[in-house]
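Below is one structure, written out as structure tokens; the observations come after it.
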Amino acid sequence: MDVVLYFCAMQILDGKIVSQAVKDDLKAKALLLKNETQKVPHLAAILVGSDGASETYVASKIKSCSEIGFKSSLVRLPADVEEQTLVSAIQQLNEDKDIDGILVQLPLPKHIDENKIIGLINPDKDVDGFHPVSVGKMVQGLPTFIPATPYGIMLLLKHYQIETSGKHAVVIGRSNIVGRPISILLNQNSNPGNCTVTVCHSRTKNLKEICLQADIIVAALGSAGFLTADMVKQNAVVIDVGITRVDDPSKKSGYRLRGDVDFDAVAPLTSYITPVPGGVGLMTIAALLTNTFNAATQNNN
Ligand code: GUN
């Protein structure tokens with residue numbers, strides 16, 4: 001009987017190393033910009049309510065700004081804020097010449113119209129890339145702000161020189177924040193890019209069979225441990241976007257973070273895989289800071 005031995009040298013796509021490299025580069029560029037023009041990139045974040053995960057993300061964004069010499073401002077509003085108050089806060093930030101980038105942390109409370117709010121941000125300051133003008137430009141392949149998580153994934157693929165051209169990429173999830181934009185970017189005529197992309201979602205039939213055909217899987221549905229080993233082809237590249245808090249009494253916080261991928265079982269099958277934490281999450285911040293730097297240097301403030 002022939003024995004087929006698979007030698008699969010799995011490599012971790014290390015968001016810690018790559019995001020640090022991006023931040024080091026931005027720090028040097030920010031210093032140069034300040035010395036030459038006195039300009040310091042300035043990010044404004046709006047946080048409505050006190051959702052634990054949103055608090056953590058925003059705190060992380062603010063901290064990263066100070067680490068690389070950017071300015072940041074945080075506008076906190078209560079969960080029951082009237083929509084008009086949020087509208088006014090955005091208008092004020094739009095008009096403030098010192099502010100280069102504006103982000104409204106999502107999700108917003110249910111009584112607020114998220115699309116309306118995003119649509120009020122000046123596209124020149126739309127460092128999240130969620131405004132319809134930014135999305136339209138991205139779809140057309142024009143220069144614009146790319147949403148931070150998909151942008152971070154592209155930076156990671158580029159850093160590790162992962163071959164994507166002609167590959168079948170399966171994206172699980174169709175959110176405006178991750179699934180839909182990463183499907184567009186992977187499909188574009190660029191490097192990374194040029195994938196044949198299948199976007200799967202909650203109504204998709206035969207998800208397992210589709211995933212088994214994937215050379216690249218982006219799991220972005222927000223369900224801890226969803227992608228299991230029986231869904232992954234040998235040597236696939238697996239990008240885990242999920243960050244779910246699961247109870248863990250052994251931790252001081254009472255929880256730990258889990259991705260959408262059953263990492264321990266899936267990792268040995270893969271050629272490359274992102275860990276959680278330490279993967280895409282850190283890249284999201286690096287990408288946001290890159291967008292903020294570009295906003296500070298490109299717009300007409
Ligand atoms: N909520 C989850 N991800 C994001 C993000 O990238 N930007 C904002 N503003 N909110 C989010």
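All residue numbers refer to positions in the sequence shown, counting from 1. Numbering of ligands and ligand atoms starts at 1, following listing order.
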Numbered atoms and elements of ligand 1 in range of V104, under 4.0 angstrom, heavy atoms:
8 (C), 9 (N)
Flag yes if more than 12 heavy atoms outside K233 fall under 6.0 Å of its NZ atom; otherwise flag no.
yes
For atom 11 (C) of ligand 1, what is the nearest protein heavy atom, given as residue, atom name and distance?
Q105 NE2, 3.4 Å
Compute the shortest N/O to N/O distance between Y57 and ligand 1 and return yes if it is under 3.5 Å, no if not.
no
Distance from atom 8 (C) of ligand 1 to nearest protein heavy atom, with residue and atom
D128 OD2, 3.4 Å
How about CD on E209, more than 12 heavy atoms from neighbouring residues, nucleotides or ligands closer than 6.0 Å, or not?
yes
Are there more than 12 heavy atoms of other residues, nucleotides or ligands under 6.0 Å from atom CD of E67?
yes
Looking only at protein heavy atoms, which one is nearest to atom 3 (N) of ligand 1, and what is the separation?
I177 CG2, 3.8 Å
Of D98, D100, T292, D96, which meets side-chain hydrogen bond (donor to acceptor under 3.5 Å, both in side chains) against H42?
D98
Is there a path of hydrophobic side-chain contacts, each under 4.5 Å between heavy atoms, that joins I102 and I62?
no
Tell me: protein heavy atom nearest atom 10 (N) of ligand 1, and distance?
L106 N, 3.0 Å
